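Note that ligands are numbered from 1 as they come in the structure, with each ligand's atoms numbered from 1 the same way. Source: prediction; values computed, not measured. Note that these values count all heavy atoms, side chains included, but never hydrogens, waters or copies made by symmetry.
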Amino acid sequence: MAFVRDNPQLLYTIFLFVALPLAFIMTGEQFLSAAQNNQVLEEGARISSLHDALVDSVRDTIDDPSVLALHLDRVTARDNELLGLEVLKKTGPASAIIIAASPASHASEVGSQITIGSDPTEANYEYGIVQGQGKPGSTYTFTRQNGTTRIIHGVSAIAGSDGTVIGFLVSDTSMARIDMTAQQGITHAFVVLLLIILLMFILLFRHARIVDYTVLYRKLAEVDKLKDDFISMAAHELRTPLSIIRGYASMLVESKSLAESDHHQAELIDRSAVQLNALVEDLLNVMRIEQGRMEFALQPVDLSVATQEVVDMLAISAREKGLALTLEKTEAVVAQLDVDRIRQILINIVGNAVKYTPAGAVTVKVFSDKATKRAVVRVSDTGIGISAEEQKNLFGKFYRVKSDETKQIRGTGLGLWITKQLVLNMKGTISVESIKGKGTDIEVSFPLTVSA
Ligand code: ADP
(Lines give C-alpha, C1' and ligand atoms only; values in the text may rest on other atoms or scores of the structure.)
Protein backbone atom coordinates (compact mmCIF):
# COMPACT_ATOMS: atom_id res chain seq x y z
CA MET A 1 0.00 0.00 0.00
CA ALA A 2 2.79 2.40 0.98
CA PHE A 3 4.55 1.57 -2.29
CA VAL A 4 1.42 2.54 -4.24
CA ARG A 5 1.04 5.73 -2.18
CA ASP A 6 4.64 6.71 -2.97
CA ASN A 7 4.21 5.89 -6.65
CA PRO A 8 0.78 7.19 -7.67
CA GLN A 9 1.41 6.28 -11.34
CA LEU A 10 0.74 2.67 -10.27
CA LEU A 11 -2.87 3.69 -9.61
CA TYR A 12 -3.50 4.00 -13.37
CA THR A 13 -2.33 0.44 -13.87
CA ILE A 14 -4.50 -0.82 -11.02
CA PHE A 15 -7.48 1.11 -12.42
CA LEU A 16 -6.93 -0.51 -15.83
CA PHE A 17 -6.51 -3.83 -14.08
CA VAL A 18 -10.04 -3.59 -12.70
CA ALA A 19 -11.73 -1.62 -15.50
CA LEU A 20 -10.62 -3.75 -18.44
CA PRO A 21 -11.96 -7.13 -17.22
CA LEU A 22 -15.17 -5.40 -16.06
CA ALA A 23 -15.65 -3.81 -19.48
CA PHE A 24 -14.92 -7.18 -21.06
CA ILE A 25 -17.56 -8.91 -18.91
CA MET A 26 -20.16 -6.19 -19.44
CA THR A 27 -19.86 -6.08 -23.22
CA GLY A 28 -19.78 -9.89 -23.25
CA GLU A 29 -23.06 -10.03 -21.28
CA GLN A 30 -24.69 -7.53 -23.62
CA PHE A 31 -23.66 -9.48 -26.69
CA LEU A 32 -24.83 -12.71 -25.12
CA SER A 33 -28.28 -11.47 -24.15
CA ALA A 34 -28.75 -9.87 -27.60
CA ALA A 35 -27.74 -13.16 -29.20
CA GLN A 36 -30.07 -15.17 -26.95
CA ASN A 37 -33.05 -12.90 -27.71
CA ASN A 38 -32.33 -13.23 -31.36
CA GLN A 39 -32.19 -17.02 -31.09
CA VAL A 40 -35.57 -17.12 -29.39
CA LEU A 41 -37.04 -14.93 -32.14
CA GLU A 42 -35.61 -17.12 -34.88
CA GLU A 43 -36.64 -20.32 -33.19
CA GLY A 44 -40.12 -18.85 -32.58
CA ALA A 45 -40.43 -18.10 -36.31
CA ARG A 46 -39.41 -21.66 -37.14
CA ILE A 47 -41.94 -23.09 -34.70
CA SER A 48 -44.67 -20.86 -36.19
CA SER A 49 -43.91 -22.20 -39.69
CA LEU A 50 -44.03 -25.76 -38.37
CA HIS A 51 -47.41 -25.15 -36.72
CA ASP A 52 -48.71 -23.40 -39.86
CA ALA A 53 -47.74 -26.38 -41.97
CA LEU A 54 -49.39 -28.85 -39.55
CA VAL A 55 -52.51 -27.14 -38.31
CA ASP A 56 -54.75 -27.84 -41.36
CA SER A 57 -53.96 -31.53 -41.58
CA VAL A 58 -54.36 -31.83 -37.79
CA ARG A 59 -57.85 -30.28 -38.01
CA ASP A 60 -58.82 -32.76 -40.72
CA THR A 61 -57.73 -35.75 -38.67
CA ILE A 62 -58.64 -34.52 -35.17
CA ASP A 63 -61.35 -37.14 -34.89
CA ASP A 64 -59.06 -39.96 -35.98
CA PRO A 65 -56.46 -40.28 -33.12
CA SER A 66 -54.45 -43.14 -34.68
CA VAL A 67 -53.88 -41.27 -37.99
CA LEU A 68 -53.10 -38.14 -36.03
CA ALA A 69 -50.53 -39.92 -33.82
CA LEU A 70 -48.85 -41.40 -36.93
CA HIS A 71 -48.71 -37.97 -38.50
CA LEU A 72 -47.19 -36.39 -35.37
CA ASP A 73 -44.70 -39.27 -35.10
CA ARG A 74 -43.44 -38.62 -38.62
CA VAL A 75 -42.94 -34.89 -37.96
CA THR A 76 -41.18 -35.49 -34.63
CA ALA A 77 -38.80 -38.04 -36.17
CA ARG A 78 -37.63 -35.42 -38.66
CA ASP A 79 -36.95 -32.69 -36.08
CA ASN A 80 -34.22 -33.37 -33.53
CA GLU A 81 -35.03 -30.35 -31.38
CA LEU A 82 -38.70 -31.27 -30.99
CA LEU A 83 -39.22 -32.73 -27.52
CA GLY A 84 -42.95 -33.07 -27.74
CA LEU A 85 -45.85 -32.55 -30.14
CA GLU A 86 -49.43 -32.90 -28.92
CA VAL A 87 -52.93 -32.22 -30.12
CA LEU A 88 -55.49 -31.19 -27.53
CA LYS A 89 -59.19 -31.32 -28.24
CA LYS A 90 -61.45 -28.93 -26.37
CA THR A 91 -64.08 -30.58 -24.24
CA GLY A 92 -65.44 -27.43 -22.65
CA PRO A 93 -64.66 -23.71 -22.28
CA ALA A 94 -62.11 -24.38 -19.51
CA SER A 95 -60.97 -27.89 -20.32
CA ALA A 96 -59.35 -29.98 -23.03
CA ILE A 97 -58.23 -33.55 -23.57
CA ILE A 98 -54.98 -34.79 -25.06
CA ILE A 99 -55.90 -36.89 -28.04
CA ALA A 100 -52.58 -37.48 -29.68
CA ALA A 101 -49.02 -37.11 -28.44
CA SER A 102 -45.62 -37.77 -29.87
CA PRO A 103 -42.99 -39.02 -29.16
CA ALA A 104 -44.15 -42.37 -27.89
CA SER A 105 -42.87 -41.57 -24.36
CA HIS A 106 -45.75 -39.12 -24.11
CA ALA A 107 -48.33 -41.68 -25.25
CA SER A 108 -49.39 -42.27 -21.63
CA GLU A 109 -50.61 -38.69 -21.50
CA VAL A 110 -53.14 -39.35 -24.24
CA GLY A 111 -56.64 -39.16 -22.90
CA SER A 112 -55.74 -37.07 -19.89
CA GLN A 113 -57.91 -34.10 -19.17
CA ILE A 114 -56.40 -30.65 -18.57
CA THR A 115 -57.97 -27.61 -17.03
CA ILE A 116 -57.27 -24.32 -18.75
CA GLY A 117 -55.97 -21.78 -16.21
CA SER A 118 -57.82 -18.50 -15.96
CA ASP A 119 -54.95 -16.35 -14.62
CA PRO A 120 -51.16 -16.37 -15.05
CA THR A 121 -50.54 -18.17 -11.73
CA GLU A 122 -52.55 -21.20 -12.82
CA ALA A 123 -51.35 -24.10 -14.97
CA ASN A 124 -52.24 -24.17 -18.68
CA TYR A 125 -53.03 -20.45 -18.65
CA GLU A 126 -51.42 -20.17 -22.12
CA TYR A 127 -54.32 -22.06 -23.71
CA GLY A 128 -56.63 -19.45 -22.27
CA ILE A 129 -54.60 -16.69 -23.93
CA VAL A 130 -54.52 -18.50 -27.27
CA GLN A 131 -58.25 -19.20 -27.37
CA GLY A 132 -59.24 -15.85 -25.89
CA GLN A 133 -57.09 -13.35 -27.81
CA GLY A 134 -55.51 -15.33 -30.55
CA LYS A 135 -56.93 -15.55 -33.93
CA PRO A 136 -56.87 -19.16 -35.14
CA GLY A 137 -53.75 -19.91 -37.19
CA SER A 138 -51.40 -17.78 -35.04
CA THR A 139 -48.78 -19.56 -32.99
CA TYR A 140 -47.86 -18.29 -29.52
CA THR A 141 -44.49 -19.13 -28.00
CA PHE A 142 -43.58 -19.15 -24.30
CA THR A 143 -40.01 -19.66 -23.17
CA ARG A 144 -39.39 -21.54 -19.96
CA GLN A 145 -36.23 -22.71 -18.28
CA ASN A 146 -35.71 -26.40 -17.67
CA GLY A 147 -32.50 -26.71 -15.62
CA THR A 148 -29.80 -25.11 -17.75
CA THR A 149 -31.67 -25.42 -21.04
CA ARG A 150 -34.47 -23.30 -22.41
CA ILE A 151 -37.61 -24.85 -23.82
CA ILE A 152 -39.88 -23.01 -26.23
CA HIS A 153 -43.47 -23.97 -25.71
CA GLY A 154 -45.47 -23.31 -28.89
CA VAL A 155 -49.27 -23.26 -28.88
CA SER A 156 -51.66 -22.58 -31.78
CA ALA A 157 -55.39 -22.76 -31.82
CA ILE A 158 -57.17 -25.18 -34.20
CA ALA A 159 -60.33 -23.62 -35.56
CA GLY A 160 -63.29 -25.71 -36.67
CA SER A 161 -65.25 -25.05 -39.88
CA ASP A 162 -67.38 -22.42 -38.10
CA GLY A 163 -64.29 -20.55 -36.86
CA THR A 164 -64.55 -21.56 -33.20
CA VAL A 165 -61.55 -23.03 -31.39
CA ILE A 166 -61.88 -26.80 -31.30
CA GLY A 167 -58.45 -27.67 -30.01
CA PHE A 168 -54.74 -26.83 -29.77
CA LEU A 169 -51.58 -27.91 -31.50
CA VAL A 170 -48.81 -27.86 -28.88
CA SER A 171 -45.04 -28.28 -29.31
CA ASP A 172 -42.03 -28.25 -27.00
CA THR A 173 -38.76 -27.32 -28.70
CA SER A 174 -35.44 -27.63 -26.93
CA MET A 175 -32.85 -24.85 -27.17
CA ALA A 176 -30.23 -27.21 -25.67
CA ARG A 177 -28.05 -27.37 -28.78
CA ILE A 178 -28.04 -23.60 -29.25
CA ASP A 179 -27.54 -23.02 -25.51
CA MET A 180 -24.68 -25.49 -25.45
CA THR A 181 -22.94 -23.63 -28.28
CA ALA A 182 -23.46 -20.40 -26.34
CA GLN A 183 -22.14 -22.07 -23.17
CA GLN A 184 -19.04 -23.19 -25.06
CA GLY A 185 -18.60 -19.61 -26.26
CA ILE A 186 -18.91 -18.34 -22.68
CA THR A 187 -16.36 -20.87 -21.41
CA HIS A 188 -14.07 -19.78 -24.20
CA ALA A 189 -14.53 -16.13 -23.30
CA PHE A 190 -13.78 -16.87 -19.64
CA VAL A 191 -10.56 -18.63 -20.56
CA VAL A 192 -9.59 -15.59 -22.65
CA LEU A 193 -10.54 -13.33 -19.72
CA LEU A 194 -8.39 -15.38 -17.38
CA LEU A 195 -5.51 -15.09 -19.81
CA ILE A 196 -6.04 -11.33 -20.01
CA ILE A 197 -6.05 -11.08 -16.21
CA LEU A 198 -2.88 -13.18 -16.09
CA LEU A 199 -1.29 -10.94 -18.69
CA MET A 200 -2.32 -7.89 -16.71
CA PHE A 201 -0.82 -9.40 -13.57
CA ILE A 202 2.45 -9.79 -15.42
CA LEU A 203 2.14 -6.20 -16.67
CA LEU A 204 1.36 -4.94 -13.18
CA PHE A 205 4.33 -6.83 -11.82
CA ARG A 206 6.59 -5.47 -14.55
CA HIS A 207 5.27 -1.96 -14.04
CA ALA A 208 6.03 -2.21 -10.33
CA ARG A 209 9.53 -3.37 -11.22
CA ILE A 210 9.98 -0.49 -13.68
CA VAL A 211 8.78 1.97 -11.03
CA ASP A 212 11.33 0.36 -8.70
CA TYR A 213 14.04 0.86 -11.29
CA THR A 214 12.98 4.46 -11.85
CA VAL A 215 13.29 5.18 -8.14
CA LEU A 216 16.64 3.41 -8.10
CA TYR A 217 17.76 5.27 -11.22
CA ARG A 218 16.85 8.60 -9.66
CA LYS A 219 18.83 7.72 -6.53
CA LEU A 220 21.79 6.57 -8.63
CA ALA A 221 21.71 9.78 -10.65
CA GLU A 222 21.74 11.75 -7.37
CA VAL A 223 24.67 9.72 -6.02
CA ASP A 224 26.47 10.08 -9.34
CA LYS A 225 26.02 13.83 -9.23
CA LEU A 226 27.28 13.94 -5.63
CA LYS A 227 30.33 11.97 -6.71
CA ASP A 228 30.98 14.33 -9.63
CA ASP A 229 30.54 17.36 -7.39
CA PHE A 230 32.92 15.90 -4.86
CA ILE A 231 35.62 15.05 -7.42
CA SER A 232 35.27 18.47 -9.03
CA MET A 233 35.47 20.24 -5.72
CA ALA A 234 38.40 18.16 -4.46
CA ALA A 235 40.32 18.56 -7.73
CA HIS A 236 39.77 22.33 -7.76
CA GLU A 237 40.80 22.67 -4.12
CA LEU A 238 43.95 20.64 -4.76
CA ARG A 239 45.07 22.84 -7.64
CA THR A 240 46.25 25.88 -5.63
CA PRO A 241 48.26 24.09 -2.91
CA LEU A 242 49.72 21.87 -5.62
CA SER A 243 50.97 24.75 -7.72
CA ILE A 244 52.53 26.27 -4.57
CA ILE A 245 54.29 22.96 -3.80
CA ARG A 246 55.45 22.75 -7.42
CA GLY A 247 56.74 26.30 -7.36
CA TYR A 248 58.77 25.76 -4.17
CA ALA A 249 59.96 22.32 -5.27
CA SER A 250 61.33 23.65 -8.57
CA MET A 251 62.96 26.56 -6.72
CA LEU A 252 64.69 24.03 -4.45
CA VAL A 253 65.70 21.85 -7.41
CA GLU A 254 67.32 24.84 -9.08
CA SER A 255 68.95 26.09 -5.85
CA LYS A 256 72.77 25.88 -5.81
CA SER A 257 73.09 25.96 -2.04
CA LEU A 258 71.49 22.53 -1.43
CA ALA A 259 73.56 19.50 -0.49
CA GLU A 260 73.51 16.63 -3.04
CA SER A 261 71.19 14.41 -0.90
CA ASP A 262 68.75 17.30 -0.27
CA HIS A 263 68.80 18.10 -3.97
CA HIS A 264 67.74 14.55 -4.78
CA GLN A 265 64.85 14.77 -2.29
CA ALA A 266 63.73 18.09 -3.73
CA GLU A 267 63.63 16.41 -7.15
CA LEU A 268 61.45 13.62 -5.74
CA ILE A 269 59.04 16.21 -4.31
CA ASP A 270 58.95 18.01 -7.66
CA ARG A 271 58.32 14.80 -9.65
CA SER A 272 55.53 13.67 -7.27
CA ALA A 273 53.91 17.10 -7.42
CA VAL A 274 54.00 16.96 -11.24
CA GLN A 275 52.34 13.51 -11.17
CA LEU A 276 49.72 14.64 -8.70
CA ASN A 277 49.04 17.67 -10.87
CA ALA A 278 48.60 15.39 -13.92
CA LEU A 279 46.07 13.29 -11.97
CA VAL A 280 44.13 16.38 -10.88
CA GLU A 281 44.09 17.70 -14.46
CA ASP A 282 42.95 14.29 -15.78
CA LEU A 283 40.11 14.17 -13.24
CA LEU A 284 39.02 17.69 -14.13
CA ASN A 285 39.12 16.79 -17.83
CA VAL A 286 36.98 13.68 -17.25
CA MET A 287 34.42 15.83 -15.39
CA ARG A 288 34.39 18.46 -18.14
CA ILE A 289 33.89 15.85 -20.87
CA GLU A 290 31.19 13.94 -18.97
CA GLN A 291 29.26 17.10 -18.21
CA GLY A 292 29.67 18.38 -21.78
CA ARG A 293 31.58 21.41 -20.55
CA MET A 294 34.68 20.82 -22.67
CA GLU A 295 34.79 23.48 -25.36
CA PHE A 296 36.28 22.98 -28.80
CA ALA A 297 37.35 26.03 -30.80
CA LEU A 298 37.79 24.41 -34.20
CA GLN A 299 40.06 26.04 -36.75
CA PRO A 300 42.38 24.82 -39.53
CA VAL A 301 45.42 23.33 -37.79
CA ASP A 302 48.50 21.93 -39.52
CA LEU A 303 48.98 18.56 -37.86
CA SER A 304 52.65 18.46 -38.98
CA VAL A 305 53.37 21.62 -37.01
CA ALA A 306 51.39 20.54 -33.92
CA THR A 307 53.09 17.12 -33.93
CA GLN A 308 56.53 18.71 -34.34
CA GLU A 309 55.92 20.81 -31.21
CA VAL A 310 54.90 17.77 -29.17
CA VAL A 311 57.81 15.66 -30.44
CA ASP A 312 60.21 18.49 -29.50
CA MET A 313 58.63 18.68 -26.07
CA LEU A 314 59.04 14.96 -25.42
CA ALA A 315 62.50 14.71 -26.98
CA ILE A 316 64.21 15.16 -23.60
CA SER A 317 62.35 12.25 -21.93
CA ALA A 318 63.06 10.06 -24.98
CA ARG A 319 66.73 10.96 -24.91
CA GLU A 320 66.93 10.23 -21.17
CA LYS A 321 65.66 6.70 -21.90
CA GLY A 322 68.00 6.31 -24.86
CA LEU A 323 65.11 6.11 -27.35
CA ALA A 324 65.22 7.36 -30.91
CA LEU A 325 62.23 9.65 -31.30
CA THR A 326 61.72 10.67 -34.91
CA LEU A 327 59.04 12.50 -36.84
CA GLU A 328 58.37 11.76 -40.51
CA LYS A 329 56.33 14.42 -42.28
CA THR A 330 56.20 15.47 -45.87
CA GLU A 331 53.76 18.31 -46.27
CA ALA A 332 51.21 20.46 -44.50
CA VAL A 333 48.35 18.24 -43.28
CA VAL A 334 45.47 20.47 -42.31
CA ALA A 335 42.32 19.52 -40.38
CA GLN A 336 39.63 21.37 -38.41
CA LEU A 337 40.89 21.04 -34.83
CA ASP A 338 41.14 22.72 -31.47
CA VAL A 339 44.85 23.55 -31.01
CA ASP A 340 44.96 22.77 -27.27
CA ARG A 341 42.95 19.56 -27.54
CA ILE A 342 45.01 18.12 -30.42
CA ARG A 343 48.15 18.94 -28.46
CA GLN A 344 46.69 17.09 -25.46
CA ILE A 345 45.89 14.08 -27.68
CA LEU A 346 49.36 13.98 -29.20
CA ILE A 347 51.08 14.39 -25.80
CA ASN A 348 49.08 11.42 -24.49
CA ILE A 349 49.81 9.12 -27.44
CA VAL A 350 53.45 10.04 -28.05
CA GLY A 351 53.98 10.29 -24.26
CA ASN A 352 52.60 6.75 -23.80
CA ALA A 353 54.83 5.45 -26.61
CA VAL A 354 57.89 6.88 -24.85
CA LYS A 355 56.63 5.75 -21.43
CA TYR A 356 55.94 2.13 -22.43
CA THR A 357 59.04 1.61 -24.62
CA PRO A 358 62.07 0.54 -22.57
CA ALA A 359 64.45 0.47 -25.58
CA GLY A 360 64.38 1.05 -29.31
CA ALA A 361 62.53 3.75 -31.15
CA VAL A 362 59.37 5.78 -31.32
CA THR A 363 58.43 6.87 -34.82
CA VAL A 364 55.74 9.43 -35.49
CA LYS A 365 54.35 9.82 -39.03
CA VAL A 366 52.05 12.58 -40.20
CA PHE A 367 50.47 12.23 -43.64
CA SER A 368 47.30 12.82 -45.57
CA ASP A 369 45.46 9.80 -46.90
CA LYS A 370 44.13 11.05 -50.23
CA ALA A 371 41.94 7.98 -50.78
CA THR A 372 40.00 8.34 -47.53
CA LYS A 373 40.48 12.15 -47.37
CA ARG A 374 41.82 11.98 -43.84
CA ALA A 375 44.65 13.62 -41.95
CA VAL A 376 46.57 10.89 -40.12
CA VAL A 377 49.06 10.73 -37.27
CA ARG A 378 50.56 7.29 -36.65
CA VAL A 379 52.73 6.71 -33.57
CA SER A 380 54.73 3.47 -33.68
CA ASP A 381 56.94 2.16 -30.91
CA THR A 382 59.08 -0.89 -30.23
CA GLY A 383 57.82 -1.11 -26.65
CA ILE A 384 56.15 -3.68 -24.40
CA GLY A 385 53.08 -4.02 -26.65
CA ILE A 386 49.48 -4.76 -25.68
CA SER A 387 47.78 -8.18 -26.02
CA ALA A 388 44.58 -8.56 -28.02
CA GLU A 389 42.64 -9.16 -24.78
CA GLU A 390 44.01 -6.00 -23.16
CA GLN A 391 43.31 -3.96 -26.30
CA LYS A 392 39.55 -4.54 -25.81
CA ASN A 393 39.56 -2.41 -22.64
CA LEU A 394 42.29 0.00 -23.62
CA PHE A 395 40.03 3.04 -23.98
CA GLY A 396 38.08 2.31 -20.78
CA LYS A 397 38.13 4.73 -17.87
CA PHE A 398 40.88 3.95 -15.29
CA TYR A 399 42.04 0.96 -17.34
CA ARG A 400 45.71 0.07 -16.92
CA VAL A 401 47.46 -3.07 -18.12
CA LYS A 402 48.70 -4.96 -15.07
CA SER A 403 51.98 -6.69 -15.77
CA ASP A 404 55.56 -6.81 -14.46
CA GLU A 405 56.61 -4.27 -17.10
CA THR A 406 53.90 -1.72 -16.19
CA LYS A 407 54.24 -2.16 -12.41
CA GLN A 408 56.98 0.46 -12.17
CA ILE A 409 55.37 2.90 -14.58
CA ARG A 410 53.08 5.48 -13.03
CA GLY A 411 49.79 6.46 -14.59
CA THR A 412 46.09 7.01 -13.92
CA GLY A 413 44.51 4.93 -16.69
CA LEU A 414 42.55 8.03 -17.75
CA GLY A 415 44.82 9.25 -20.58
CA LEU A 416 43.46 7.05 -23.40
CA TRP A 417 39.83 7.49 -22.29
CA ILE A 418 40.24 11.28 -22.40
CA THR A 419 42.13 11.01 -25.70
CA LYS A 420 39.36 8.99 -27.32
CA GLN A 421 36.65 11.41 -26.18
CA LEU A 422 38.63 14.40 -27.49
CA VAL A 423 39.23 12.63 -30.83
CA LEU A 424 35.54 11.72 -31.20
CA ASN A 425 34.49 15.27 -30.36
CA MET A 426 36.54 16.51 -33.32
CA LYS A 427 35.00 13.93 -35.71
CA GLY A 428 38.15 11.81 -35.54
CA THR A 429 38.88 8.11 -35.14
CA ILE A 430 41.47 6.30 -33.05
CA SER A 431 42.70 2.76 -33.50
CA VAL A 432 45.34 0.50 -32.07
CA GLU A 433 47.47 -2.31 -33.51
CA SER A 434 49.87 -4.05 -31.23
CA ILE A 435 51.81 -7.23 -30.64
CA LYS A 436 52.71 -8.08 -27.06
CA GLY A 437 56.49 -7.76 -26.61
CA LYS A 438 57.03 -6.23 -30.07
CA GLY A 439 55.48 -2.82 -30.06
CA THR A 440 52.41 -0.72 -30.60
CA ASP A 441 50.96 1.44 -33.37
CA ILE A 442 48.32 4.01 -32.44
CA GLU A 443 46.68 5.93 -35.23
CA VAL A 444 44.41 8.97 -35.05
CA SER A 445 42.77 10.50 -38.08
CA PHE A 446 40.55 13.49 -38.80
CA PRO A 447 38.68 14.69 -41.88
CA LEU A 448 41.25 16.38 -44.11
CA THR A 449 40.76 20.06 -44.95
CA VAL A 450 41.65 20.33 -48.60
CA SER A 451 42.95 23.78 -49.57
CA ALA A 452 41.22 25.29 -52.58
P1 ADP B 1 48.20 5.57 -18.12
O2 ADP B 1 48.02 6.77 -17.28
O3 ADP B 1 48.22 4.31 -17.33
O4 ADP B 1 49.30 5.65 -19.10
P5 ADP B 1 46.45 5.51 -20.41
O6 ADP B 1 44.97 5.63 -20.45
O7 ADP B 1 47.22 6.53 -21.16
O8 ADP B 1 46.80 5.46 -18.89
O9 ADP B 1 46.84 4.09 -20.96
C10 ADP B 1 46.14 2.95 -20.50
C11 ADP B 1 47.03 1.74 -20.50
O12 ADP B 1 47.31 1.35 -21.82
C13 ADP B 1 48.37 1.96 -19.89
O14 ADP B 1 48.33 1.75 -18.50
C15 ADP B 1 49.24 0.96 -20.59
O16 ADP B 1 49.20 -0.26 -19.92
C17 ADP B 1 48.60 0.80 -21.94
N18 ADP B 1 49.33 1.53 -23.00
C19 ADP B 1 49.01 2.74 -23.51
N20 ADP B 1 49.85 3.10 -24.50
C21 ADP B 1 50.71 2.07 -24.63
C22 ADP B 1 51.87 1.81 -25.51
N23 ADP B 1 52.26 2.68 -26.43
N24 ADP B 1 52.50 0.63 -25.35
C25 ADP B 1 52.12 -0.28 -24.45
N26 ADP B 1 51.07 -0.09 -23.58
C27 ADP B 1 50.38 1.07 -23.67
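- Residue contacts with ligand 1, taken as heavy atom pairs separated by less than 4.0 Å, involve V401 via backbone and side-chain atoms alike.
- Identified under the salt bridge (charged side-chain N to carboxylate O under 4.0 Å, His left out) test for residues 373-385, with sequence neighbours left out: R378-E433, R378-D441, R378-E443.
- For G383, the closest heavy-atom approach to ligand 1 does not fall below 4.0 Å.
- At a 4.0 Å heavy-atom cut-off, ligand 1 touches L416 through backbone and side chain alike.
- Between Y127 and F168, the ring planes are tilted. Angles from 30° to 60° get that label.
- Close to ligand 1: I386, with a non-hydrogen atom less than 4.0 angstrom away.
- Of all atoms in ligand 1, numbered sequentially from 1 with element shown, those under 4.0 Å from a heavy atom of R400 are 1 (P), 3 (O), 14 (O).
- Contact annotation for K355 and ligand 1: only side-chain heavy atoms (C-beta onward) come within less than 4.0 Å of the ligand.
- Residue, atom and distance of the protein heavy atom nearest to atom 19 (C) of ligand 1 are N352 ND2, 3.5 Å.
- Ion pairing between D228 and K225 fails under the 4.0 Å rule for side-chain N and carboxylate O.
- Between D338 and A297, the shortest heavy-atom distance links the atoms OD2-N, 2.7 Å.
- The ligand atoms of ligand 1 that sit less than 4.0 angstrom from a heavy atom of A353 are 23 (N).
- Under 4.0 Å from ligand 1, the heavy atoms of D381 that appear belong solely to its side chain.
- Taking each of F395, Y399, F398, W417 in turn, the one with a heavy atom nearest to atom 10 (C) of ligand 1 proves to be Y399.
- A side-chain N or O of S171 and one of H51 form a donor-acceptor pair less than 3.5 Å apart.
- Among protein heavy atoms, the minimum distance from atom 2 (O) of ligand 1 is reached at T412 N, 2.8 Å.
- The atoms of ligand 1 that sit less than 4.0 Å from any heavy atom of I384 are 25 (C).
- Among residues at least two apart or in separate chains, salt bridge (charged side-chain N to carboxylate O under 4.0 Å, His left out) pairs with a member in residues 232-242 are R239-E281.
- Between E390 and K436 there is a salt bridge, with a side-chain nitrogen of the basic residue lying less than 4.0 Å from a carboxylate oxygen of the acidic one.
- D229 and S232 share no donor-acceptor pair across their side chains, judged by distance under 3.5 Å alone.
- Here the rule is side chain to side chain contact (heavy atoms under 4.5 Å, CB included) with F395, and of V432, V423, T419 only V432 fits it.
- Within the listing of ligand 1, atoms 12 (O), 17 (C) sit less than 4.0 angstrom from a heavy atom of L394.
- Y356 CZ, 3.4 Å is the protein heavy atom nearest to atom 15 (C) of ligand 1.
- At a heavy-atom distance under 4.0 Å, no atom of I442 approaches ligand 1.
- No donor-acceptor contact under 3.5 angstrom links the side chains of Q421 and N425, judged on distance only.
- Residue contacts with ligand 1: G415 is placed with a nitrogen or oxygen under 3.5 Å of a nitrogen or oxygen of the ligand (distance criterion only).
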